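To start, the structure itself, in C-alpha cells.
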Amino acid sequence: MDIFSEFRKEIIQVVERLVAESVLPEGLDLARVAVDVPREAAFGDLSTNAAMVLAKPSGMKPRDLAARLTEGLAAVRGVVSAEIAGPGFINIRLDRNIWLRCLGDILEAGTAYGSSKIGGGDAVNVEFVSANPTGPLHIGHARGSVFGDVLASLLEKAGYAVTREYYINDAGAQVDVLARSVHLRYREALGEKIDQIPEGLYPGDYLCAVGALLAERSGDRWQRLPEAEWLPEIRGVAIDAMMGLVREDLAALGIRHDVFTSERQLVEAGKVDTVLEGLAKRGLIYTGVLEPPKGKKPDDWESRPQTLFRATEFGDEVDRPLKKSDDSWTYFASDIAYHQDKYERGFGTQIDVWGADHGGYVKRMSAATKAVTEGAAELDVKICQIVKLLDKGEPVKMSKRAGTFVTLRDLIDEVGPDVVRFIMLTRSNDAPLDFDLTKVTEQSRDNPVFYVQYAHARCHSVNRMAREAFSELTDKPEDGANLDLLTHDAELALIKLMAQWPRVVESAAHAHEPHRIAYYLYDLAAAFHGLWTKGKEQTELRFIVENNVELTKSRLAMVRGVRTVIASGLDIMGVEPVEELRG
RNA sequence: GCGCCCGUAGCUCAGUUGGAUAGAGCAGCGGACUUCUAAUCCGCAGGUCGAGGGUUCGAAUCCUUCCGGGCGCGCCA
C-alpha cells in the first residue's frame, strides 16, 4: 500500500466530515489536494496543500481552514502530530510503526512492491521503434527502442494492459529502393560483376546475404526480367529479411513486440480508402493549393492543387496533403488509417515514440487522431532527442568506411544490453543524451549504471558477510526479523525513501516519463551507500552487529528492502540486477 | 518566415505536472580506509532558474513578448 495515497484518503475523509458539518460547502473540487514529502525532513513525514487549495472555494482563510483540518487529522491513526506551517501547509508526523509496516510490506511483496492499480486494466498501445525495414537498427534507434519498451513496462507496473506495437513502413518508395538494391546483390550472387552500387541504392553488405538467399532459392529466375515483374516478389523477400534483422537486434536488447502491423496490408485491405472516405463525408477533405513554405523554399516548388485534410480544424497550423503527385497516398494518409485501426482494436490511449526529426509531425497526427476517432482516443507522442555518441569525451565519427561502429548490435556487443538500456534512461526524453563509451563502463559514481548496481551488489555482500559472522543465519536472514529494533533516524530515512517507490511508479507512469525510475534508483543507491559508510564512523550503525544476531537480522531485513526496491526498479528498466561486481 | 523541443551552479542535467530556504553528478577545495569491498562516503564553495511583462496566497513550472540553440516545414518515412 502506498502511504501517500493512503493518507490522501484520510485527509479527504476529514474534509468530507467538515462538509457534513457545514463548515465547508458542498461540491468542492478535491483533485488538487496533494500529499507530498516536505522539503525538509524536520518539517515532518508528509505535507498537504489541502487548506490552501480549498480555502478560496470555501471562503475561508487558509490558516483557519488548516486549523480545522489539523484537528481532524490529529485523530487519525498513525498520526503523531499535524501542524500548520507557512501560508497554510499542514505537516504531518507519522508514528514510526507506519514506516516499519511499509518495510514489512516490501519484504512481503518482493519485487512486486510498487505495483499499482491506477491503470485499472485500461488498454494502452505503445508504438515504438517502427524503423523502416531497410536495414539493421543503428544507434539512432536505440533510445526510442529502450524508451518505448520501458514505458510499456512502467505502464504495466501501474496496472495498464499494454500492447507493444511496431508499425512496418513497407509501403513507400524506400522499400522499392530496397528491392532494387537486393536485386543487384542477387545478380552479384549469380556471378555478375557489380563494380559500384549506383547512387540512390542501399550499399550495405547486409544485403548480400539476401541476394545469395534469393539466388539459392530461385536460381536465375528473376535475373533478366523487367523490374515490374520481379519487384513485388523480391521486395517481399527483402522486407522479411530486414524485419528478421530488426527482430534480432531488438531481441539482443531484450525487446519483443506483441504486434507488428504492416502499412502495406493496411493499404491493400482498403483501410486507407475507407477511413478517408469517412473523413470526406464529414467535409474534412478538400482539394486546395498550399502556400509554399517561407524562408527555405524548395527549388522545384510548383504550386498545384492537392488533396488536403482539414488539420487546422483540430489544432494544426496548416491543412496537410494526403496524396502525392503520382496519386498514391502520402505516409500521413496511411498513418491516419493506422491510428484509426488502433482505435478500432480497442486502444483509447495510444502512445507513439518518435525521433526528434519527426517533431514537426506531431500536431498533424494528433489532429488526425482527434478527427478520425471524433475525440474519443487520446494520442501522446513522445519525442526522443538525439544521442551523441562519445568516446572519452570526444565525438565518435560515424563512418561506415572508417569502420567505427554505427549499428545497434555493435553498441550492444561493446557495452552490453543492460548498460545500453540504463544509460538511455538517464535523461528526460526531450533532452539530448551523451553516450560516452568509456564512461558507461567505468566503475565510479559518475556512472549511474555502476552506482546503482553496486548498491544492489553490496546488499548481497552484506548477507554473505553476515552468514560468515553468524552460523545460524540462513540465506533469508530477514525471516522473522524484529523490525521494531530499527530505531535510528538514518535507518528510518532510508525506509521512508523506499516507501516512496509506489508513488514514483505512479507519477512516472502518469507522466509517461520512464527516466524518473532511473533517477529514483540513483537516489536510493546514494542513501544506501551513505548509510553504509556511516557505519564506519559510528560502528553502532553497522548492519552486522557483533554478538547481536537479532539486531543484525533486523538490519538485514532493511537491506533486503533496499535490494528489493532496486530490483523492482531495474526490472521495469529491463536491467538484470547483479549480485556481485568483482569476482 | 512558421511550428515543436530546449535554455536552471564553470560543465552535464534533475526538479514529484503551481508549493516552503531551487537540487544531484562532474570539475575545484578540505576531510574519512587495522573495512560489513574507500569501486564508497562526509564537508566547503558555487544561482538575477536566458530577459521583460502578466496570472495568484505562492511561478523554474501556467500565459505573453523578445533573445539564443536544436529539429522540422508538399510529391521521404
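First the proteins, then the strands, lettered A, B, ... as listed; each starts at 1. All figures in this text were calculated on a predicted structure; none of them were measured in a lab.
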Subject >> Close side-chain approach of A:His512 and A:Ile351, heavy atoms under 4.5 Å >> reply: yes

**OP:** For A:Met52 and B:rG18, give me the distance from atom CE to atom C1', rounded to whole Å.
**Re:** 10 Å

Original post:
Looking only at atom P, what distance separates B:rA59 and B:rG53, rounded to whole Å?
Top reply: 14 Å

Original post:
Hey, is the side chain of A:Lys363 poking within less than 4.0 Å of OP1 or OP2 on B:rC4, counting only N and O atoms?
Top reply: yes

**OP:** Would you kindly give the CH2-to-C1' distance between A:Trp329 and B:rC76, to the nearest whole Å?
**Re:** 18 Å

**OP:** Would you kindly say whether A:His358 and A:Asp352 are connected by a side-chain donor-acceptor distance under 3.5 Å?
**Re:** no

**OP:** Inspect the contact between A:Arg467 and A:Asp475 and indicate whether a charged nitrogen and a carboxylate oxygen are less than 4.0 angstrom apart.
**Re:** no

Original post:
Hey, does A:Glu317 reach any base, or is it just sugar-phosphate, or nothing, if we go heavy atoms under 4.0 Å?
Top reply: sugar-phosphate

Original post:
When you compare B:rA22 with B:rA9, how far apart are their C1' atoms, in angstrom units rounded to a whole number?
Top reply: 11 Å

Subject >> Nearest-angstrom distance, P atom, B:rG7 to B:rU12 >> reply: 12 Å

Original post:
Should A:Ser47 and A:Arg39 count as side-chain neighbours, where that means a heavy-atom distance under 4.5 Å?
Top reply: no

**OP:** Please state the P separation for the pair B:rG23 and B:rG43 - nearest whole angstrom.
**Re:** 14 Å

Subject >> B:rA14 to B:rG52 separation - P atoms, rounded to the nearest Å >> reply: 24 Å

Original post:
Side chain of A:Tyr522: nearest nucleotide among B:rA24, B:rA20, B:rG72?
Top reply: B:rA24

Original post:
Cation-pi between A:Arg310 and A:Tyr286: NZ/CZ under 6.0 Å from ring centre and within 45° of the ring axis?
Top reply: yes

Subject >> Candidate nucleotides B:rA77, B:rG15, B:rC5, ranked by approach to the side chain of A:Asp430 - the nearest >> reply: B:rC5

Subject >> Shortest side-chain distance from A:Leu581, nucleotide among B:rA32, B:rU37, B:rC71 >> reply: B:rU37

**OP:** Using the C1' atom as the reference point in each nucleotide, state the distance between B:rG68 and B:rA27 in Å, no decimals.
**Re:** 25 Å

Subject >> Short side-chain N/O contact from A:Arg364 to OP1 or OP2 of B:rC4, under 4.0 Å >> reply: no

**OP:** Side chain of A:Ser47 only, please: which of B:rG72, B:rA20, B:rC75 is the nearest?
**Re:** B:rA20

Original post:
Which nucleotide in the set B:rU12, B:rU40, B:rC5 lies at the smallest distance from any side-chain heavy atom of A:Asp434?
Top reply: B:rU12

Original post:
For RNA chain B, what dot-bracket results from Watson-Crick or G-U pairs at under 3.5 Å, with [ ] for crossers and | for inter-strand partners?
Top reply: (((((((..((((.....[...)))).(((((.......))))).....(((((..]....))))))))))))....

Subject >> B:rC73 versus B:rC11 - spacing of their C1' atoms, nearest Å >> reply: 34 Å

Original post:
What is the nucleic acid contact for A:Glu263, judged by heavy atoms within less than 4.0 Å: base, sugar-phosphate only, or nothing?
Top reply: sugar-phosphate

Original post:
Is the shortest side-chain N/O distance from A:Lys536 to OP1 or OP2 of B:rU37 below 4.0 Å?
Top reply: no

Original post:
Has A:Arg445 got a side-chain N or O lying under 4.0 Å from the OP1 or OP2 atom of B:rC26?
Top reply: no

Original post:
For B:rU37, does OP1 or OP2 lie under 4.0 Å from any side-chain N or O of A:Ser461?
Top reply: yes

**OP:** Quick one: label A:Pro321 by what it contacts on the DNA or RNA (base, sugar-phosphate, nothing), any heavy atom closer than 4.0 Å.
**Re:** sugar-phosphate

**OP:** Measure the OG-CE distance between A:Ser568 and A:Met498 for me, rounded to the nearest 0.5 Å.
**Re:** 12.5 Å

**OP:** Look at the side-chain N and O atoms of A:His529 and state whether any lies under 4.0 Å from the OP1 or OP2 oxygen of B:rG25.
**Re:** no

Original post:
Does the pair A:Asp176/A:Arg235 count as a salt bridge with the N-to-O cut at 4.0 Å?
Top reply: yes

Original post:
Which listed nucleotide (B:rC76, B:rC6, B:rA20) is nearest to the side chain of A:Gln174?
Top reply: B:rC76

Original post:
Rounding to a whole Å, what distance do you find between A:Phe128:CZ and B:rA77:C1'?
Top reply: 19 Å

**OP:** State whether A:Lys342 and A:Glu165 are salt-bridged, where the test is any N-O pair (Lys NZ or Arg NE/NH1/NH2 against Asp/Glu carboxylate O) under 4.0 Å.
**Re:** no

Original post:
Looking at A:Lys553 and A:Glu478, does any basic side-chain N land under 4.0 Å from a carboxylate oxygen?
Top reply: no

Original post:
When all nucleic acid strands are considered with a 4.0 Å heavy-atom cut-off, which category describes A:Ser428: base, sugar-phosphate, or nothing?
Top reply: sugar-phosphate

Subject >> Stacking of A:Phe89 on B:rA20 base (centres under 5.5 Å, planes under 30°) >> reply: yes

Subject >> Euclidean distance for P, B:rG15 against B:rG50 (whole angstrom) >> reply: 15 Å

Original post:
A:Lys56 side chain N/O closer than 4.0 Å to the phosphate oxygens (OP1, OP2) of B:rC57?
Top reply: yes

Original post:
With sugar-phosphate meaning primed atoms plus P, OP1 and OP2, does A:His515 contact a base, only sugar-phosphate, or nothing at under 4.0 Å between heavy atoms?
Top reply: sugar-phosphate

**OP:** From the options B:rA20, B:rA77, B:rU12, select the nucleotide whose nearest atom is closest to the side chain of A:Phe43.
**Re:** B:rA20

Original post:
According to the 5.5 Å centroid and 30° plane-angle thresholds, does A:Tyr361 stack upon the nucleobase of B:rG72?
Top reply: no

